[in-house]
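Beneath this line is the structure, given in structure tokens, with notes to follow.
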Amino acid sequence: MQNDRHPANLALIGFMGTGKTTVGRLVAEALHFDFFDTDELIQSHTGKSITEIFAQDGEPAFRELERQVVHELSSKTKTVISTGGGLPTNPENLALLKSFCLVACLWSAPEKIWERVRNQSHRPLLHDADPQKKIRELLAAREPFYKQADVLVNVDLRNVREVVQQMVVQFKLATRERR
Ligand code: S3P
């Protein structure tokens, strides 16, 4: 991480089903930070589910809501933010996140992602004739964005407790660097 960055927050990015919300809540608890999830904020602002927003307003409208939520969060301190899987593919979002957060990516292989999401129905992008192919394609397209994270943690090699521990350690290390 560059020396001129002073992250007062932690943002979690990564593909759908990598555990960002679960891990984010637990990391926030461990650090005694506030917790926000961008999908939850969008749902509470609009009064609609993510599926309804995609169906009624379209994906571009959803991406604009994501952009607005990142701006809204940019004044926070001592906060952990879990982001929707597509949020960092807008370079403006990723750059803004990096300006006020240490950005950590939860990484998982497509087969493992499929195992975790196959029995869930709340992700409109996976309502596809061939969801496994869709996961592989989306992940390949998004990899260059995810890999711009300050920290990359492979969740396939660790249980949730270990991922949380790793995040806490990485955040403490990153915030100690500037002292
Ligand atoms: C999306 C991921 C979802 C949600 C929306 C779009 C994506 O969030 O924002 O369905 O583009 O990958 P999760 O990553 O929390 O599932």
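Atoms within a ligand are numbered from 1 in the order they appear, just like the ligands themselves. Residue indices begin at 1 and follow the sequence shown.
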Test of proximity, Gly85 against ligand 1: N or O pairs below 3.5 Å
yes

Between Arg123 and ligand 1, does any nitrogen or oxygen pair lie at a separation below 3.5 Å?
yes

Just checking, any donor-acceptor pair under 3.5 angstrom between side chains of Ser108 and Arg116?
yes

[X]: numbered ligand 1 atoms lying under 4.0 Å from its heavy atoms:
X      : value
Ile50  : 5 (C), 10 (O)
Lys20  : 13 (P), 14 (O), 15 (O)
Arg63  : 7 (C), 11 (O)
Leu125 : 7 (C), 11 (O)
Pro124 : 10 (O)

Interatomic distance, CZ@Arg118 vs CG@Leu126, rounded to 0.5 Å, equals 12.5 Å

Rounded to the nearest 0.5 Å, how far does CG of Leu41 lie from CG of Leu73?
5.5 Å

Take atom NZ of Lys112 as the centre, draw a 6.0 Å sphere, and report whether it contains more than 12 heavy atoms from other residues, nucleotides or ligands.
no

Using the ring pair (Phe, Tyr, Trp, His ring centres under 6.0 Å) rule, collect all pairs that involve residues 44-85, keeping only residues at least two apart or in two chains.
Phe54-Phe62

With heavy atoms only and a cut-off of under 4.0 Å, state how Arg142 meets ligand 1: side chain, backbone, both or neither.
side chain

If you have a sec, work out which protein heavy atom is nearest atom 7 (C) of ligand 1 and how many Å separate them, to one decimal?
Gly86 N, 3.3 Å

Protein heavy atom at shortest distance from atom 4 (C) of ligand 1:
Asp39 OD2, 3.1 Å

Would Gln68 and Glu64 count as a side-chain hydrogen bond (donor to acceptor under 3.5 Å, both in side chains) if you check the C-alpha gap in whole Å, the side-chain angles of each, and the deciding distance to 0.1 Å?
CA-CA 6 Å; Gln68 289 170 12; Glu64 173 55 21; 2.9 Å; yes

For Thr89, what residues pass the side chain to side chain contact (heavy atoms under 4.5 Å, CB included) criterion, not counting sequence neighbours?
Arg142, Phe145

